[in-house]
Structures are given as C-alpha cells and as structure tokens.
**Q** 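Pasting a structure below so you can have a look.
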Amino acid sequence: MKKQDVLKKGKAKTVYSTDDADKLILHFRNDTSAFDGEKIEQLARKGMVNNRFNAFIMQTLEKAGIPTQFEKLLSDDEVLVKKLDMIPVECVVRNIAAGSIVRRLGVKDGMELNPPTFEFFLKNDALHDPMINEYHIRSFNWATDAEVVRMKELTFRINDILSKLFKDAGLLLVDYKLEFGRYRGEIILGDEFSPDGCRLWDARSREKLDKDRFRQGLGGVVEAYEEVARRLGIDLA
Ligand code: TMP
Ligand code: ASP
C-alpha cells in the first residue's frame with residue numbers, strides 16, 4: 001500500500017490517501033493537544049503507544065462483532081484503515097462523572113452514573129465542540145435518524161465490551177469519545193480509541209492514567225499510557 005497525499009493534518013494524527021481509493025493511512029504523531037488545540041506538546045513515544053493501543057482495541061472490538069475501520073498495522077506509528085465518510089458528531093458515554101459534565105451540571109466528580117449517560121458533541125474546535133442533541137443532528141442533516149440509533153447502539157455495546165476489558169486489568173473506564181463514519185451503506189467505528197480520547201482510572205487508587213495527566217499538567221503522561229498498555233498485555237515496541 002503506497003502512501004500518497006496528506007488529506008488532513010489533525011491535532012494528533014495525519015491522514016494520507018493511498019493507491020487504493022477505499023483505504024487511508026493514519027499516522028499517529030507525538031503531538032498531544034488539549035483544550036481544542038490551545039495546549040500542544042510533543043511527547044516522545046506517544047504516537048507509537050497510541051497506534052499500538054488503538055490497534056489492540058479495534059481488533060478486540062472487531063472480534064466482539066463491532067464493525068471498525070481498522071485494516072492492519074503498517075509500522076510503529078501508522079495504520080491502514082478503511083476510508084469512511086465521517087459523521088461530524090462525537091459520541092460520549094460516561095460511567096463516572098468527570099470533566100465537562102462536572103462543570104456543566106455541578107455534579108460530584110467521581111460519582112458513579114447508573115445507568116451510564118450519553119452525550120453528543122459537534123466536532124468543531126473553533127466552537128469548542130458544543131454539546132448538541134438529536135434534533136440538531138436531524139435539522140442540520142449531520143446524520144439520519146437510523147444512523148443516530150445505530151451510533152448509540154454501537155457506542156453502548158462498546159461500553160459493555162471495554163468496561164469489562166479494563167475492569168479485568170484493574171482499571172475503571174470513566175468515559176470515552178467515539179466517532180463513526182459511513183462505509184458501503186454501513187455505520188463503522190472510525191477515528192481512534194486510545195488514552196487520548198477516554199478517561200481511565202486505577203480501580204483502587206483512582207489515579208488518572210489518561211490525557212487528563214496532560215490537561216492538568218500532572219506529568220508522566222506517556223508512562224501512564226504505557227502502564228495501561230502493559231496491564232492489557234499490549235506489546236509495545
Ligand atoms: P469531556 O469531559 O471533556 O466532555 O470529555 C468526555 C470524554 O470524551 C473524555 O474522555 C475526553 C473525550 N473527548 C475527546 O477525546 N475529544 C473531544 O473533543 C471531546 C468533547 C471529548
Ligand atoms: N481533543 C481535544 C483537543 O485536543 C480536546 C481535549 O482532549 O481536551 O484539544
């Protein structure tokens with residue numbers, strides 16, 4: 001598979017076209033961004049760690065019957081994926097209150113959410129990813145009603161699969177963000193799943209092992225990601 005043009009340079013990944021019109025290459029860079037790109041730093045090894053982490057999670061989800069864009073690992077920091085028509089909406093599930101929901105609703109940080117809650121956000125940094133609802137998605141034609149139903153269904157199935165996976169590794173899956181796209185008439189999981197886009201706490205101490213370490217300047221960011229990978233049995237280079 002030949003890498004061709006840069007189609008998009010995101011905050012942490014670069015997307016390349018390939019000689020196959022149905023496939024893209026994602027390059028996981030070391031760039032780490034928070035607050036919609038306001039804070040950006042390069043963290044050594046992060047591209048490699050997230051690429052391998054993402055590959056492991058996507059393959060785990062595929063085995064559990066979730067359709068994903070993952071095709072194969074190409075190198076330490078590159079992956080071959082299906083080219084999706086991305087839906088500009090972020091799907092967030094929260095099992096424990098943290099981050100923006102604590103600020104927005106004044107609820108207690110760390111409180112268990114039973115049942116878990118679900119939120120949609122618009123993928124738009126300039127607008128700081130505002131929260132939206134299903135009526136916005138419908139009125140602005142970001143996705144059809146059937147696609148919304150399918151995204152919610154897949155996002156909750158993924159919660160069951162990954163909450164158990166992390167629990168068995170002594171971790172709490174606090175919350176996470178997913179993005180979906182269309183491929184040959186189907187809704188498929190796109191983007192990435194890594195500690196950049198979820199919150200993971202040690203189950204006993206509740207120590208943060210995700211990008212909140214970067215957002216909050218706690219240090220040891222990549223070391224924490226590597227610790228999570230080690231607990232999941234992911235082979236890092
Ligand atoms: P929040 O608490 O900032 O709303 O984020 C909830 C979860 O979703 C958290 O794990 C971070 C992730 N997330 C992203 O990765 N990117 C985003 O743009 C948003 C809104 C959330
Ligand atoms: N992913 C967004 C950014 O890079 C939001 C965040 O994770 O804080 O700015």
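Heads up: numbering here begins at 1 and tracks the sequence. Note that ligands are numbered from 1 as they come in the structure, with each ligand's atoms numbered from 1 the same way.
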**Q** Considering the heavy atoms of A98, write down every atom of ligand 1 situated less than 4.0 Å from one of them.
**A**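 Answer for ligand 1: 2 (O).
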
**Q** Report the member of V93, D210, D175 with the shortest heavy-atom distance to atom 7 (C) of ligand 1.
**A**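 Among V93, D210, D175, the closest heavy atom to atom 7 (C) of ligand 1 belongs to D175.
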
**Q** Testing the basics here: between L172 and A203, what is the closest heavy-atom pair and its distance to 0.1 Å?
**A**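 Scanning both residues, the minimum pair turns out to be CG-CA, 3.9 Å.
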
**Q** Using a strict cut-off of 4.0 Å, indicate which atoms of ligand 1 neighbour a heavy atom of C198.
**A**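 What qualifies from ligand 1 is 10 (O).
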
**Q** Does the side chain of N51 come under 3.5 Å of the side chain of D76 through a donor N or O and an acceptor N or O?
**A**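 N51 vs D76: no donor-acceptor pair found between side chains.
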
**Q** Where does E119 meet ligand 1, judged by heavy-atom distances below 4.0 Å: at the side chain, the backbone, both, or neither?
**A**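 For E119, no heavy atom sits under 4.0 Å from ligand 1.
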
**Q** Which of the numbered atoms in ligand 1 are under 4.0 angstrom from any heavy atom belonging to G99?
**A**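 Every atom of ligand 1 under 4.0 Å from some heavy atom of G99: 2 (O).
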
**Q** Do D210 and Y225 have side-chain N/O donor and acceptor atoms under 3.5 Å apart?
**A**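 No, no side-chain donor-acceptor contact under 3.5 Å.
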
**Q** Taking atom 5 (O) of ligand 1 as the point of reference, which of E90, K177, R199 owns the nearest heavy atom?
**A**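 Selected option, by shortest heavy-atom distance: R199.
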
**Q** Would a hydrophobic clustering, with Ile, Leu, Val, Met, Phe, Trp and Tyr connected at side-chain separations under 4.5 Å, put L80 with L84?
**A**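 No, because L80 and L84 fall into different hydrophobic clusters, even though each may have its own neighbours under 4.5 Å.
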
**Q** With the threshold set at 4.0 Å, does a side-chain nitrogen-carboxylate oxygen contact exist between R157 and E153?
**A**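 E153 and R157: salt-bridged.
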
**Q** Any nitrogen or oxygen of R215, side chain or backbone, less than 3.5 Å from one on ligand 1?
**A**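 Min N/O separation from ligand 1 is not below 3.5 Å for R215.
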
**Q** Among D125, D129, D31, which one satisfies salt bridge (charged side-chain N to carboxylate O under 4.0 Å, His left out) with K11?
**A**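 Exactly one pass, corresponding to D125.
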
**Q** Using distance alone, decide if ligand 1 has a nitrogen or oxygen within less than 3.5 Å of any nitrogen or oxygen in R104.
**A**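 Among all N and O atoms of R104, none is under 3.5 Å from an N or O of ligand 1.
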
